[in-house]
Amino acid sequence: MRYWMGLIGLVVASPLAAKTHDLPATPQTVAWGHYDATSKPVLTIESGDTVIVHTLLTNSPAGLEKAGVAPADVEPALRAVYAGVPASERGPGGHVLTGPIAITGAEPGDTLEIRILKIDLAIPYAYNAFRYGAGFLTDDFPYARMKIVPLDKKAMLGRFAPGVDVPLHPFFGSMGVAPPPAFGRYDSAPPTINGGNMDDKALVAGTTLFLPVHASGALFQVGDGHAAQGNGEVDITALETSLTGTLQFILHKGVAAPYPRAETPTHYIAMGFDDDLSNATRKALRNMIDYLVAAKGMTRDDAYMLVSVAGDVEVTELVDRNKGVHVMLPRAVFTKR
């Protein structure tokens, strides 16, 4: 199996012809609560192109106003989407995702590289909320609460409470491609082999995400903006907000990526998703070992040992049915190119 091998020679991109597109969030350009291989793209681009994509937080205008957001501070785009997307097009999940974006020539068996060039706060507030029956400590909190948190863009702090400030590191909770056609209309909540609602706080500007292609065009979608989040996302929400992302897409033909993977400037990241936390951990570890064998030429024994002495196994999220685990391995351990 060819796994992350020979990427340079198989990149499909035309730098001289690369374009930058702007994709707003409108009733016509969002997918509400699902990833689906049969969805029609709202934008088609070439490999190498960049998209400035606008996303909306996962809450209703009425819900925000009830929690204390002034009506004038609710985004017009959010009102338009809630008014303009029919009930038949919503669900089964609750995320409002911008897309899908099709990449010309993408087919199953390819890999889509998403370079996260920039992520900007779109509004000056976020919310955090929990409700009975969701989150990790459902029995401890058998009621609902929602909190509006002002965002200080200049200081990059969330003013959580008097004397309590949360550093902001914006990222998209959900970045994914269409799943295999057999999945049908797949719920946007549980992450799986297509990426989706990974809630991985390492996917900030400067990180590169690699996703396996399962359907023609890849059909990339993005949303669920987070201004900040702790690993685990234990009450089921982060600092939920609207974000604008600048993303570049590179298609790798004939390179099989069996699972989502990422690279930061300092770390390699392997992921695992499963309803059972132990199984999610096994998947993440095996995916990192597979990567080290294929890309770094290591034996499986040495790869396993290296992860144990230099890697960190972290719980990404606990609350979206499929739990998320990621393994982070410092790039600095490799001293030769």
Under the 3.5 angstrom rule, does the side chain of Arg115 hit a backbone N or O of Phe249 as a donor-acceptor pair? no
Among Ile123, Leu168, Val149, find the residue that satisfies the side-chain contact (heavy atoms from CB on, under 4.5 Å) test when tested with Thr241. Ile123
In terms of side-chain heavy atoms, does Ser242 have a donor or acceptor partner in Glu75 at a distance below 3.5 Å? yes
May I have the step-by-step check of side-chain contact (heavy atoms from CB on, under 4.5 Å) for Phe183 and Tyr35, ending in yes or no? CA-CA 9 Å; Phe183 280 44; Tyr35 288 88; over 6 Å; no
Are His54 and Asp22 close enough that a side-chain donor and a side-chain acceptor fall under 3.5 Å? yes
When Leu23, Leu243, Val96, Asp224 are each screened for side-chain contact (heavy atoms from CB on, under 4.5 Å) with Thr55, the one that passes is Leu243
Please report whether the ring centroid of Tyr143 lies less than 6.0 Å from that of Tyr132. no
Tell me whether Leu56 shares a hydrophobic cluster with Met175, the cluster being built from Ile, Leu, Val, Met, Phe, Trp, Tyr side chains joined at under 4.5 Å. no
Quick one, Thr20 with Val51, criterion side-chain contact (heavy atoms from CB on, under 4.5 Å). Give me CA distance, side-chain angles, the key distance, then yes/no. CA-CA 6 Å; Thr20 298; Val51 182; over 6 Å; no
Would Phe136 and Phe130 count as a side-chain contact (heavy atoms from CB on, under 4.5 Å) here? Give the steps. CA-CA 10 Å; Phe136 199 69; Phe130 62 82; over 6 Å; no
Just by distance, with hydrogens left out, do Thr281 and Ser278 show a side-chain donor and acceptor under 3.5 Å apart? no
Between Thr104 and Glu46, a side-chain donor and acceptor under 3.5 Å: yes
Say whether Thr38 and Asp36, considering side chains only, have a donor N or O and an acceptor N or O under 3.5 Å apart. yes
Mind running side-chain hydrogen bond (donor to acceptor under 3.5 Å, both in side chains) on Thr111 and His252 for me, showing each step along the way? CA-CA 5 Å; Thr111 292; His252 299 273; over 6 Å; no
Would you check if the side chain of Thr192 reaches a backbone N or O of Asn194 as a donor-acceptor pair within less than 3.5 Å? no
Measuring from Leu329:CG to Leu292:CG, what's the distance to the nearest 0.5 Å? 6.0 Å
Assign the ring pair Tyr268 / Tyr291 to parallel, tilted or perpendicular, where the plane angle (0 to 90°) is split at 30° and 60°. tilted
Whether the Thr237 and Asn128 side chains hold a donor-acceptor pair (N or O, under 3.5 Å, no angle test) is what I'd like checked. yes
